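Everything below concerns the one structure shown next.
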Amino acid sequence: MEAIPKRIMPPETRIAVIEDSLRCYVYSWLSLVPILGSVFAVLALRRYSMASMRSAGYWNPAVPYARAGSFIGGIGGLLSAFEFGGLMLLLWTSQG
Amino acid sequence: MDSLPIVTRELRLASRRARTYWLRGGLTLVVSVYVLGLLSPSFRGVISPAVTGRALFQFIGGAAFFLCLMSGAFVTADALSEEKREGTMGLLFLTVLRGYDVVFSKLVAKTLNPFYALIAVLPLVSLPILFGGVTPGEFVRLSFVLMNTLFFSAAVGLGISSISTQGRRACLGTLTMLGAVSGLPWLFDFLAGSSAGSRALMAFSPVHAWYLIDEKHYQAGAAGFFSCLGTTHLLAWAALAAACFATPRTWKDFAPNPNQALWQHRWRRWTLGAEAHQRAMRLRWLNINPVLWLARRERHRRAFFWGFLALYFMLWLLCYCFLPKAWATSEGILVTGTLLHLVLKLWLAMEASRRLATEKRDGVLELLLVTPLEVSDILKGLVIGMKRQFLLPFIVVAGIDVLLLLFGLSHSAKSAALPLFFLAGMGLFAADAFSLTWVGLWEGLSARGGSQAFLRTILQVLVLPSLLFVGIGGVISVSGSGSLEPLIACWFAVGYLTDLVLCLVTTARLTERFRSAATGVSEPRQERFRLQWRFWQWFRIKQQAGLDPLAADFSLFSDP
């Protein structure tokens, strides 16, 4: 009776997944920059989704970075949205 | 009860289920926290207790009425149709059971928890009587209306379920029926003016009974309240009688007659396209991603949106023509935009939760998982399929939002709240879309059926943040300066953070537990928690019985 083959992620996919997770983490810190950070927040969340999709069903060694990155990126996006809203409100009230 | 053996069995089962007690206790706790939170300004003397009590009564009473009215669509609409789909209805009718046995057992089994929830909430709604804002008569009327509406809605759900086979069709049919019975008399009254005919029609609408709860309205038409209550009660019994009559007659599968077969063929051709078109699509998409081919085969799903949008636009124009002054205000524009968002969100939740639930039920998912396809391919196919179906409608709705905002700014008073609300609404619309997709896919995979998955998705993504917002927003509005901007910011923050957390949790679950959830096998960690829980239960039972736990047998750990 043959043993069931173990499911192993191809090395090139694993490299891509680790890269995506680390990029997500770096972008997430950049997302905390006021207003401009919204672009990095989108990039961080996109990298997180790419890393999750690629590693679905396998173990991702850099998963803590991906999760932390997505959370910080999300918070950065919220802060940028607030800053944008505040800026709009300021412009509106200054125009009378 | 001996004459209804299954009802007795269902009641016994419910009495032994821990969920029955947890639901009742949990709901009382949640509503108590809300009531105390909303009453806190009155404790500090900021607002008169009578005013707070009145607002509390109207808010909780309104929410309870809405849930009671909708319960039929989500609780009983799939009760009989599910039995038919699974082929167990025929087995029931091989015994001595009659139609009414099955229908009443389903009524009791499905409405027991909503009924208990209602009973748990009613004492809290009666609190405002002590503050003076609400009369005892209003409370008694509200109690009658809520119980009657729950019964009516559940009965209509069973009536539709008895003639349906598909769960989603039964749910939509029930929603349509409840919407028509509740809303059409009001529409007729609005269009034709107050006449004897429209007043007679009003007796059929459960919303009219709720409207007459208010002391002022009740004094003006006490007879109308009782006739409305009686009419809806009779309608409920008529729906139950129809369900009892139809259930034993509609469970069998018959071959379609030539006329039906022709229509089925036409429908199939319209939804999937001609043979040549299907072959071309198969060749093209199967090579890219088989799941994507499965997801985008049915063409009519995209057509529904444009039909709905056309209908919505016509209704908006009609309202604008009849009530130009009321409809061009900020409130009218906000209602138009919010309703459009809500419908699209509900549709997205339904599609996302339906896909995996249907494939899991039909065994398609199990077949896909034994092919060389990876989980990532399946997820990618599903997500791209959703994107292809919903991206264009979402862009169109965002464009309509911008048009509505421009229309609002040109027609109503210049206020910063309107553009802020629209910006926050559009941001939340995008965040909710992502969240609904991921949560819907996960719930479709893990829930028992499509209806349950849809309900759980809606509860997590749309209802939970609304409840949180009501609590936090209440505190902000009481302690703040009275401006709308902080409330809009709070609404956006609560919705966005809920979406973020739900998205992260469900993507992690989908990517890590897809196979185990699809096959219904517990993860090792879940299994360990389950065993620990069972051990604790066993230990507690033995201690309560005064026995030495170590000397007892381990029968609880063996499989039943």
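All values derive from a computational prediction rather than experimental measurement. Numbered from 1 within each chain, the chains take letters A, B, ... in sequence-line order. Hydrogens, waters and symmetry mates play no part in the numbers below; they use all other heavy atoms, side chains included.
Considering all non-hydrogen atoms of both residues, B:Pro465 and B:Thr498 come closest at CB-OG1, 3.8 Å.
Under the 3.5 Å distance criterion, with hydrogens and angles disregarded, a donor-acceptor pair is assigned to the side chains of B:Asp401 and B:His341.
Annotation: side chain to side chain contact (heavy atoms under 4.5 Å, CB included) contacts of B:Leu405 (sequence neighbours excluded): B:Leu409, B:Leu418, B:Pro419, B:Phe422. Looking at residues two or more places apart in sequence or on another chain, you find no side-chain hydrogen bond (donor to acceptor under 3.5 Å, both in side chains) involving B:Asn289.
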Criterion salt bridge (charged side-chain N to carboxylate O under 4.0 Å, His left out) on B:Arg355 and B:Glu351, from CA distance to verdict: CA-CA 6 Å; B:Arg355 293 224 163 134; B:Glu351 282 292 312; 3.6 Å; yes
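Contact of B:Tyr496 with chain A is made through the side chain alone, with heavy-atom distances under 4.5 Å. In this structure, no portion of B:Ile378 lies under 4.5 Å from any heavy atom of chain A. For A:Met88, the part lying near chain B is the side chain, with the backbone staying farther off; criterion is any non-hydrogen pair under 4.5 Å. B:Ala508 touches chain A through backbone and side chain together, each having a heavy atom under 4.5 Å away. Both the backbone and the side chain of B:Leu379 come within contact range of chain A, judged by heavy atoms closer than 4.5 Å. Using a 4.5 Å cut-off between heavy atoms, B:Leu500 contacts chain A through its side chain alone, with no backbone atom that close.
Here the side chain of A:Arg14 pairs no donor or acceptor atom with the backbone of A:Asn60 at under 3.5 angstrom. No donor-acceptor pair closer than 3.5 Å links the side chain of B:Ser435 to the backbone N or O of B:Asp432.
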Please output the side-chain donor-acceptor pairs of residues 40-49 of chain A that fall under 3.5 Å, not counting sequence neighbours, one pair per line with the distance.
residue: A:Arg47; atom: NH1; partner: A:Asp20; partner atom: OD1; Å: 2.8
residue: A:Tyr48; atom: OH; partner: B:Thr507; partner atom: OG1; Å: 3.1

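In this structure, A:Phe82 and B:Phe492 have perpendicular ring planes: the angle between them is above 60°, well past the 30° mark.
Interface with chain B: from residues 67-81 of chain A, residues A:Arg67, A:Ser70, A:Phe71, A:Gly74, A:Ile75, A:Gly77, A:Leu78, A:Ala81 qualify, criterion being any non-hydrogen pair under 4.5 Å.
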